[in-house]
Amino acid sequence: MILREAVEALHIKGKKVIEVEGNTKIDKDRMLHQKVTDIRSWGKHFLICFKDFTLRIHFMMFGSYRINERKDTAVRLRLGFSGAELNFYTCSVKLLEGNANDIYDWSKDIMSPHWKPTQALKTLKEHPEMLVCDALLDQNIFAGSGNIIKNEVLFRTRIHPLSKIGELPLAKLKELIKETRNYSFDFLEWKKEFTLKQHWQAYTKKICPRCDIPFKKEHLGKGKRRSFYCNHCQRLYI
DNA sequence: TCTCATGTTTAGGT
DNA sequence: GACCTAAACATGAG
């Protein structure tokens with residue numbers, strides 16, 4: 001989102017790529033002299049659309065970018081335009097064939113204006129055995145959510161990470177969905193202000209700010225990702 | 001200096 | 001095929 005907004009402000013839409021560089025294995029020359037048709041994002045994917053294909057950038061854990069400046073480290077992909085330059089580092093780069101609208105379901109992107117909570121609800125109901133800690137990391141349900149968001153949303157909604165989706169009362173399930181989007185917007189604002197870390201209530205925390213007892217820290221769910229939670233105030237639905 | 005982690009894909013095993 | 005695990009990526013925080 002932050003990157004997309006920054007790139008939109010460059011007004012490269014309609015402009016042609018005049019320089020490509022970098023150590024990516026993709027056929028980057030395909031973008032040379034091609035006109036950018038759109039700048040988009042879906043979850044953690046950053047997309048630069050061309051007429052017949054789309055460039056997809058995913059920053060994984062350690063990716064970074066620079067706009068109109070360069071880092072000393074090896075560039076994975078550089079796109080040059082007249083008056084602007086984009087540099088991407090240590091990221092996953094891919095060319096997707098066809099139109100992005102045919103590839104991406106925008107209603108699953110938790111920050112999109114096209115986001116549909118009913119869509120998330122429907123998919124969740126199809127997986128009653130799924131653990132909430134897994135659901136909040138599932139990009140097919142909550143595209144854009146990640147491990148920080150998972151921990152913070154479960155703390156805010158007072159749901160234990162090992163709760164089963166099928167055991168949550170409907171109202172609680174709806175609250176979970178709503179709060180995932182809510183927190184994502186807070187996340188975005190705090191990230192822009194460089195105050196994200198200060199606002200963490202659960203993630204990396206040792207003590208529950210609500211009841212002052214020690215948090216549990218465990219690696220839970222399919223991906224064994226870090227979970228910080230309070231055994232006292234986060235209820236286990238099982 | 002060392003370990004771990006905002007994430008995903010892929011290769012391999014059972 | 002379903003399901004799991006480890007590896008790879010490679011930087012920066014604590």
Side-chain angles (χ1 to χ4, degrees), chain A residues 1-6 22-28 41-47 54-66 69-78 87-97 100 103-105 108-111 126-156 161-162 164 179-207 215-229:
Chain A
M1 284 286 290
I2 293 173
L3 171 58
R4 199 193 72 213
E5 288 173 6
N23 60 15
T24 175
K25 291 188 189 115
I26 65 157
D27 176 19
K28 57 185 185 294
S41 61
W42 181 88
K44 298 163 195 158
H45 300 197
F46 171 66
L47 308 170
T54 294
L55 170 69
R56 188 198 73 185
I57 306 277
H58 193 301
F59 291 100
M60 316 301 280
M61 296 261 253
F62 320 119
S64 61
Y65 63 87
R66 291 291 184 275
E69 53 181 73
R70 298 178 183 188
K71 293 216 304 185
D72 290 333
T73 53
V75 70
R76 176 65 40 84
L77 179 65
R78 168 179 306 137
N87 291 298
F88 303 103
Y89 305 88
T90 39
C91 52
S92 159
V93 172
K94 205 171 175 181
L95 290 181
L96 308 173
E97 295 305 321
I103 301 167
Y104 289 103
D105 182 348
K108 288 183 172 174
D109 179 349
I110 52 175
M111 304 214 59
E126 288 166 4
H127 302 284
E129 292 301 306
M130 189 183 266
L131 304 177
V132 286
C133 60
D134 285 328
L136 281 167
L137 294 174
D138 191 324
Q139 301 302 298
N140 197 42
I141 306 174
F142 297 108
S145 179
N147 205 33
I148 296 175
I149 294 178
K150 175 196 82 179
N151 279 288
E152 294 297 316
V153 168
L154 292 179
F155 179 74
R156 281 185 172 191
L162 293 176
K164 282 186 183 176
E179 196 50 38
T180 302
R181 180 170 163 95
N182 272 348
Y183 182 78
S184 300
F185 280 93
D186 289 343
F187 184 106
L188 176 65
E189 284 313 303
W190 293 332
K191 184 94 180 165
K192 283 178 179 170
E193 298 173 343
F194 303 103
T195 62
L196 180 63
K197 222 180 265 193
Q198 310 169 24
H199 286 93
W200 287 341
Q201 292 191 92
Y203 185 70
T204 73
K205 295 296 174 186
K206 293 196 159 55
I207 306 282
F215 264 130
K216 290 279 179 192
K217 177 192 169 186
E218 285 170 305
H219 291 81
L220 304 177
K222 284 195 194 305
K224 296 187 167 42
R225 304 295 304 279
R226 285 196 301 174
S227 289
F228 302 85
Y229 63 97

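Just so we're on the same page: letters track the sequence lines, and every chain starts at 1. Just so it is clear, the structure is predicted and the values come from calculations on it, not from any experiment.
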The nucleotide from C:dT11, C:dC9, B:dT8 with an atom nearest the side chain of A:Thr73 is C:dT11
Just to confirm, is there a sub-4.0 Å distance from OP1 or OP2 of C:dA10 to any side-chain nitrogen or oxygen of A:Tyr89?
-> no
Looking only at side-chain atoms of A:Lys44, point me to the closest of C:dC9, B:dT6, B:dT8.
-> B:dT8
Of the candidates C:dC4, B:dT6, B:dT8, the side chain of A:Ile148 sits closest to B:dT6
Check: A:Met130 and A:Ile141 side chains under 4.5 Å, non-hydrogen atoms = yes
Would you indicate, yes or no, if B:dA5 has its OP1 or OP2 atom less than 4.0 angstrom from a side-chain nitrogen or oxygen of A:Lys224?
-> no
Parallel, tilted or perpendicular, as decided by the 30° and 60° cut-offs, for the rings of A:Tyr104 and A:Trp42 = tilted
Relative to its sugar, using the 90° cut-off around 0, the base of C:dT5 is anti
Does A:Arg226 make a side-chain N or O approach to OP1 or OP2 of B:dC4 shorter than 4.0 Å?
-> no
Measure from OH on A:Tyr203 to C1' on C:dG14 and round the result to the nearest Å.
-> 12 Å
In the strands shown, is C:dT11 matched to any nucleotide by a Watson-Crick or G-U wobble pair with both distances under 3.5 Å, and which?
-> B:dA5
Rounded to the nearest 0.5 Å, how far apart are CG of A:Asn147 and CE of A:Met61?
-> 9.0 Å
Nearest whole angstrom, please: distance from the C1' of B:dG7 to the CZ of A:Phe46.
-> 18 Å
In terms of ring plane angle, is the pair A:Phe215 and A:Phe155 parallel, tilted or perpendicular, where the classes change at 30° and 60°?
-> perpendicular
Using a cut-off of strictly less than 4.0 Å, decide whether A:Gln139 has a side-chain nitrogen or oxygen near OP1 or OP2 of B:dT8.
-> yes
Side-chain contact check for A:Thr90: nearest option of B:dT8, C:dT11, B:dT6 is C:dT11
Tell me: CZ of A:Phe187 to C1' of B:dT6, nearest whole Å?
-> 6 Å
Report the distance from atom CD1 of A:Ile57 to atom P of B:dG7, rounded to the nearest whole Å.
-> 18 Å
Of the listed nucleotides B:dT6, B:dT8, C:dA13, the one nearest the side chain of A:Met61 | B:dT6
Select base, sugar-phosphate, or nothing to describe what A:Phe59 touches, counting heavy atoms under 4.0 Å on all strands.
-> nothing
Would you classify A:Lys150 as touching base, sugar-phosphate or nothing, given that sugar-phosphate means primed atoms plus P, OP1 and OP2, and contacts are heavy atoms under 4.0 Å?
-> nothing
Identify which nucleotide among C:dA10, C:dA13, B:dT8 has an atom closest to any side-chain atom of A:Phe62, counting heavy atoms from C-beta outward.
-> C:dA10
On a whole-Å scale, what distance lies between the P atoms belonging to C:dA6 and B:dC4?
-> 14 Å
Compare every heavy atom of A:Leu137 with every heavy atom of A:Gly146, then report the nearest pair and how far apart it is.
-> C-CD2, 3.4 Å
Any chance the rings of A:Tyr65 and A:Phe88 have centres within less than 6.0 Å?
-> no
Considering only C:dC4, C:dC9, B:dG7, which nucleotide approaches the side chain of A:Arg225 most closely?
-> B:dG7
Within this structure, what is the CH2-to-P distance between A:Trp42 and B:dT8, rounded to whole angstrom?
-> 9 Å
Tell me whether the OP1 or OP2 atom of B:dA5 has a side-chain N or O from A:His219 closer than 4.0 Å.
-> yes
With a 4.0 Å cut-off on heavy atoms, is A:Lys191 in touch with a base, just the backbone sugar-phosphate, or nothing at all?
-> base
